[in-house]
Amino acid sequence: MKCIVTGGNVKALGKAVHSLSRIGDEVYIEPLQEGLSLRAVNASRSAYACFLFAPLFFQHYVPVESKSVPDAGPVRCKVLMKSFLTVFRSLSLLEKTVEKCLISLRFCASMLRVQLHCRYGVVKTHDLSFQECESLQAVFDTEQCTHTLRAPPRLLVDAVVHFPLTLAEVTMGASPGGKVSFRSYLEEETEAGRTMVTELCLSEDEFQVFHVKQETQVTFCLKEFRGLLSFAESSNLPLNIHFDIPGRPAIFTLEDPLLEVHLVLATLSEPDSHSSQMTSCTPKAVASAYDFTSDDIDAYMIAMETTCAGTEGASPSPSPTFPTPHASSDTEDLDSDPEGTVPGTPPQKKFRSLFFGSVLNQSQTLMYPGSGQEVLAEDSEGES
């Protein structure tokens, strides 16, 4: 892969990296024919983001072809976020001094090279070690979400600025009457008298699109949401919010001819349905060989496989089982297994995990129950 970014697009790329750094500790890089994809997922598998930069975003873009590397499939690698973020640490310096950014993959040395061509002929070269990995891909459909909002980024930035930086989650409510509210979310055990609760309301007139069929409240993480708002404000792109009932993921999107962004966040389940709908986040063996008939996958519209390529026969990376809306009586509640939970935000005991992590063969497909729609589950780099 080789691509060249020039002008103000260098800062846009840096802003994207800053947004992804709020989600995961690794950035997944995948050069595609439709553009360069940068993805990240958090430790608890409850937040996923993807930035897809179209070929027109670059001055020069050449994705790696399979034939260029003998006996190799599509190129996918991951880099430590801390190392990648160091290259784009100062956005002000990128805008003022960097004229061109060259990104290339060096397979012989397992290095991702990022060169910043600055003024006065100064060239800064960063060689970052990468690791080949499986595809990190979430499958979802925004058209199946019941409610949709679209707002200018400045409106939402001004809304969340009133919440303290230490606040972990925020509750967004919307009603057909034309009211949208944002309210601080507090855990049940929090003493109300010792905590400040902030709530603000927005009217329907302030939104570019307002499509709400029934009154709904969803709670999601504020840190990742702030990261996307920061990018949206700098790019001046309207933000689309797609959401459904509590417990189903909220999807935030930005669209432009040169860029496509998706942020998918888990939401809190309703308290009365929490004990019957949640499943343990500890790694479990699948009951039968890829038998997912008991999972209502269509209810959540999202799946993921993110197992790193390793030694043949190695077990998949730890990943939570997919939550089912009609869990059986022997389904474990997260509260019953506190030692097995995966660390990270949001809290495992209440947030649904978004991802279904299982390695499938290339020919393996998933059938959405009741929808009649067949969806491919990619297995991009299987061991031969």
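Since the structure is predicted, the reported quantities are computational estimates derived from the model, not experimental observations.
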For a 4.5 angstrom cut-off between non-hydrogen side-chain atoms, does [X] reach [Y]?
| X | Y | value |
| --- | --- | --- |
| R119 | E99 | yes |
| L222 | Y185 | no |
| T148 | V212 | no |
| L229 | L239 | yes |
| T267 | D244 | no |
| K2 | Y61 | no |
| L263 | Y48 | no |
| V114 | C101 | yes |

Passes ring pair (Phe, Tyr, Trp, His ring centres under 6.0 Å), F163 versus F182? Steps please.
CA-CA 9 Å; F163 297 102; F182 290 89; 7.1 Å; no
Kindly work out whether a path of hydrophobic side-chain contacts (I/L/V/M/F/W/Y, heavy atoms less than 4.5 Å apart) joins [X] to [Y].
| X | Y | result |
| --- | --- | --- |
| L200 | L149 | yes |
| L102 | F58 | no |
| L13 | M81 | yes |
| V79 | L85 | yes |
| L258 | L254 | yes |

Walk me through whether V180 and M172 qualify under side-chain contact (heavy atoms from CB on, under 4.5 Å).
CA-CA 7 Å; V180 176; M172 183 185 71; 4.3 Å; yes
How many angstroms lie between [atom1] in [X] and [atom2] in [Y], if you round to the nearest 0.5 Å?
| X | Y | atom1 | atom2 | result |
| --- | --- | --- | --- | --- |
| Q214 | T146 | CD | OG1 | 7.0 Å |
| Q115 | R113 | CD | CZ | 5.5 Å |
| L116 | K100 | CG | NZ | 11.5 Å |
| E255 | T253 | CD | OG1 | 5.0 Å |
| L259 | L237 | CG | CG | 7.0 Å |
| E260 | C50 | CD | SG | 7.5 Å |

Taking all heavy atoms of [X] and all of [Y], pick out the closest pair and write down the distance.
| X | Y | answer |
| --- | --- | --- |
| A40 | E26 | CB-O, 3.8 Å |
| L91 | G14 | CD2-C, 3.7 Å |
| P153 | A232 | CG-O, 3.6 Å |
| P176 | F210 | O-CE2, 4.5 Å |
| V27 | L20 | CG2-CD1, 4.2 Å |
| I23 | A47 | CG2-O, 3.8 Å |

Any side-chain donor near an acceptor of the partner, K15 and S235, under 3.5 Å:
no
Distance alone, cut at 3.5 Å: any donor-acceptor contact between the side chains of T216 and H147?
yes
Does CG in D25 sit with more than 12 non-hydrogen atoms of other residues, nucleotides or ligands closer than 6.0 Å?
no
Counting only heavy atoms from other residues, nucleotides and ligands, does the tally under 6.0 Å from CD of Q208 exceed 12?
yes
Is the centre of the F220 ring less than 6.0 Å from the centre of the F252 ring?
yes
Report yes if the distance between the aromatic ring centroids of F88 and F84 is under 6.0 Å, otherwise no.
yes
Can you list the steps and then say if I29 with L112 is a side-chain contact (heavy atoms from CB on, under 4.5 Å)?
CA-CA 10 Å; I29 303 173; L112 173 70; 3.5 Å; yes
State whether the side chain of [X] and the backbone N or O of [Y] hold a donor-acceptor pair below 3.5 Å, judged by distance alone.
| X | Y | answer |
| --- | --- | --- |
| S230 | R226 | no |
| T86 | K82 | yes |
| E95 | S92 | no |
| S46 | N42 | no |

One pair to check against side-chain contact (heavy atoms from CB on, under 4.5 Å): V197 and R183. What are the steps and the verdict?
CA-CA 7 Å; V197 178; R183 179 183 174 88; 3.6 Å; yes
V261 vs F231, test: side-chain contact (heavy atoms from CB on, under 4.5 Å). Steps then yes/no.
CA-CA 10 Å; V261 183; F231 180 86; 4.1 Å; yes
Among E30, E132, Q131, R39, side chain to side chain contact (heavy atoms under 4.5 Å, CB included) partner for K78
Q131
